[in-house]
2 protein chains.
Amino acid sequence: MKSSKPAVPCCPPLLAGKLTPADVVQLAGLFRVLSEPARLQMLSLIAAQSNQEVCACELVESLGLSQPTVSHHLKVMYEAGLLEKERRGTWIYYRIMQDRLAALKEVFS
Amino acid sequence: MKSSKPAVPCCPPLLAGKLTPADVVQLAGLFRVLSEPARLQMLSLIAAQSNQEVCACELVESLGLSQPTVSHHLKVMYEAGLLEKERRGTWIYYRIMQDRLAALKEVFS
DNA sequence: ACCTTATATTGACGGCCATCAATATTCAGG
DNA sequence: CCTGAATATTGATGGCCGTCAATATAAGGT
């Protein structure tokens with residue numbers, strides 16, 4: 001199972017009306033995912049590809065991190081709804097969920 | 001000293017061109033500040049005030065946190081350039097640095 | 001079936017940080 | 001200069017999580 005979206009809702013504007021405790025916990029969780037330099041670097045690397053995608057192995061080479069660590073970060077971002085993945089043979093390609101990133105803009109409106 | 005801006009630069013777009021290690025460290029730091037539910041709740045509370053400002057003591061009452069903890073969070077956000085403060089008598093009033101928050105939108109463009 | 005390569009999981013370790021109690025500092029009023 | 005109230009600092013503690021080595025799983029080719 002777990003082949004499609006993890007169904008993560010998003011994103012109440014931060015400055016319009018008091019947010020509920022549930023809201024802030026959820027938002028904070030998203031920001032925490034983005035609070036890791038390695039993960040931001042990954043997003044930047046993916047976006048810089050002409051395909052707009054990258055396979056995990058390339059990330060292991062690009063970043064100076066071990067393969068398990070890269071796999072961990074990818075999982076975190078996938079479960080946060082920031083990445084989607086597609087298996088093609090042995091390789092797994094990751095793409096950015098652009099809608100979700102765009103939705104994050106609304107937080108600061 | 002330290003009466004004016006802590007001079008925190010901001011914010012390269014995440015998806016346009018490979019970010020440098022320095023860039024991602026900086027950005028990640030900002031997101032980390034926002035990755036705490038209590039801090040988001042504070043921002044939301046300040047924004048919900050008609051004055052657009054709030055004194056520290058009010059925050060201690062509103063959130064269920066100790067005074068030192070609230071003071072700590074305020075300091076973190078102030079040093080991140082997210083809040084400005086103004087002393088009026090015994091009280092210190094905090095306001096949101098709206099420009100800085102708006103600049104964060106550009107990260108997701 | 002076997003081997004190789006890619007990816008995921010497990011378990012352990014270390015560092016960072018949110019939190020609080022205790023204490024210090026700052027300020028206004030009398 | 002005291003006293004009381006608001007805020008800041010210090011030190012200690014506990015939990016979370018990024019990291020890696022070791023291992024497991026998955027997939028393709030021969």
Side-chain angles (χ1 to χ4, degrees), chain A residues 1-3 6 21 24-43 45-46 51 53-80 82-95, chain B residues 1-3 6 21 24-43 45-46 51 53-80 82-95:
Chain A
M1 308 323 114
K2 188 58 154 324
S3 57
V24 292
V25 165
Q26 151 127 28
L27 247 187
L30 244 184
F31 285 134
R32 214 189 57 73
V33 172
L34 294 174
S35 73
E36 187 62 25
R39 292 200 274 262
L40 293 184
Q41 194 85 72
M42 290 181 185
L43 290 175
L45 279 172
I46 297 176
N51 317 334
E53 69 179 11
V54 76
C55 95
C57 57
E58 296 178 53
L59 288 174
V60 173
E61 294 172 9
S62 298
L63 315 164
L65 296 172
S66 72
Q67 178 268 322
T69 298
V70 170
S71 183
H72 167 68
H73 286 315
L74 288 171
K75 182 181 185 181
V76 168
M77 288 197 284
Y78 174 74
E79 290 180 341
L82 293 172
L83 293 181
E84 56 183 345
K85 58 176 162 180
E86 178 188 352
R87 173 150 232 151
R88 290 208 293 274
T90 313
W91 299 274
I92 298 184
Y93 291 87
Y94 285 87
R95 279 185 299 273
Chain B
M1 312 312 124
K2 190 60 152 322
S3 57
V24 292
V25 166
Q26 153 127 29
L27 246 187
L30 244 184
F31 285 134
R32 213 188 54 74
V33 173
L34 294 174
S35 74
E36 187 63 26
R39 292 199 274 262
L40 294 184
Q41 193 86 73
M42 290 180 185
L43 291 175
L45 279 172
I46 297 177
N51 317 334
E53 70 180 10
V54 75
C55 96
C57 57
E58 297 178 53
L59 288 174
V60 173
E61 296 172 8
S62 298
L63 314 164
L65 296 172
S66 73
Q67 178 268 324
T69 299
V70 170
S71 183
H72 166 68
H73 287 315
L74 288 170
K75 182 182 185 181
V76 169
M77 289 196 285
Y78 174 75
E79 290 180 342
L82 293 172
L83 293 182
E84 57 184 345
K85 57 176 162 182
E86 179 189 350
R87 171 150 233 153
R88 291 208 293 273
T90 312
W91 298 274
I92 299 184
Y93 291 85
Y94 285 88
R95 279 185 299 271

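Please read all numbers here as calculations on a predicted model, not as lab measurements. Naming: A, B, ... by sequence-line order, numbering from 1 per chain.
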Can you tell me how far CG of A:L59 sits from OG of A:S71, rounded to the nearest 0.5 angstrom?
11.0 Å
Nearest to the side chain of B:P68, which nucleotide is it out of C:dT7, C:dC20, C:dT5?
C:dC20
Can you confirm whether A:I92 sits close enough to A:L74 that some side-chain heavy atom of one is under 4.5 Å from a side-chain heavy atom of the other?
no
If you compare every side-chain N and O of B:T90 against the phosphate oxygens of C:dC27 (OP1, OP2), does one of them come in below 4.0 Å?
no
So what does A:Y93 hit on the nucleic acid, given a heavy-atom distance under 4.0 Å: a base, only sugar-phosphate, or nothing?
nothing
CE of A:M77 to CD1 of A:I46, rounded to nearest 0.5 Å, is 6.0 Å
Hey, are the side chains of A:L45 and A:V54 touching, using non-hydrogen atoms and a 4.5 Å cut-off?
no
Would you check if B:L63 and B:T69 make a side-chain contact, meaning some heavy-atom pair closer than 4.5 Å?
no
Record whether the side chain of A:Q67 comes under 3.5 Å of the base of C:dA6 through a donor-acceptor pair of N or O atoms.
no
Just wondering, do A:M42 and A:V70 contact through their side chains at under 4.5 Å, heavy atoms?
yes
Considering only nitrogen or oxygen atoms on both sides, find all protein atoms under 3.5 Å from nucleotides 12-18 of chain C and state each distance.
from, atom 1, to, atom 2, distance (Å)
C:dC17, OP1, B:R32, NE, 3.1
C:dC17, OP1, B:R32, NH2, 3.3
C:dA18, OP1, B:R32, NH1, 3.2
C:dA18, OP1, B:R39, NH2, 3.1
C:dA18, OP2, B:H72, NE2, 3.0
C:dA18, O3', B:E36, OE2, 3.4

Starting at atom CZ of B:R88, determine the distance to atom P of C:dA28, rounded to an integer number of angstrom.
13 Å
Side chain of B:R87 only, heavy atoms from C-beta on: which candidate in C:dC20, C:dT26, C:dT7 is closest?
C:dT26
Length of the CD1-P vector between B:I92 and C:dT26, whole Å:
11 Å
Please list, in 5' to 3' order, the outermost nucleotides of DNA chain D lying under 4.0 Å from any heavy atom of chain B.
D:dA6 to D:dT9
Taking only residues two or more places apart in sequence, or in another chain, which ones meet A:Q67 in a side chain to side chain donor-acceptor pair (under 3.5 Å)?
none
Just to be sure I follow the notation: if a pair is Watson-Crick (purine N1 to pyrimidine N3 plus N6-O4 or O6-N4) or a G-U wobble (N1-O2 and O6-N3), each under 3.5 Å, what dot-bracket string does DNA chain D give, with | for pairs to another strand?
||||||||||||||||||||||||||||||
Exam field: side chain A:R32 to backbone A:L34, donor-acceptor pair closer than 3.5 Å
no
Sequence neighbours excluded, which residues qualify as side chain to side chain contact (heavy atoms under 4.5 Å, CB included) partners of A:T90?
none
Residue list, side chain to side chain donor-acceptor pair (under 3.5 Å) with A:H73, at least two apart or on another chain:
A:R39
So B:Y93 and B:N51, do their side chains get closer than 4.5 Å, heavy atoms only?
no
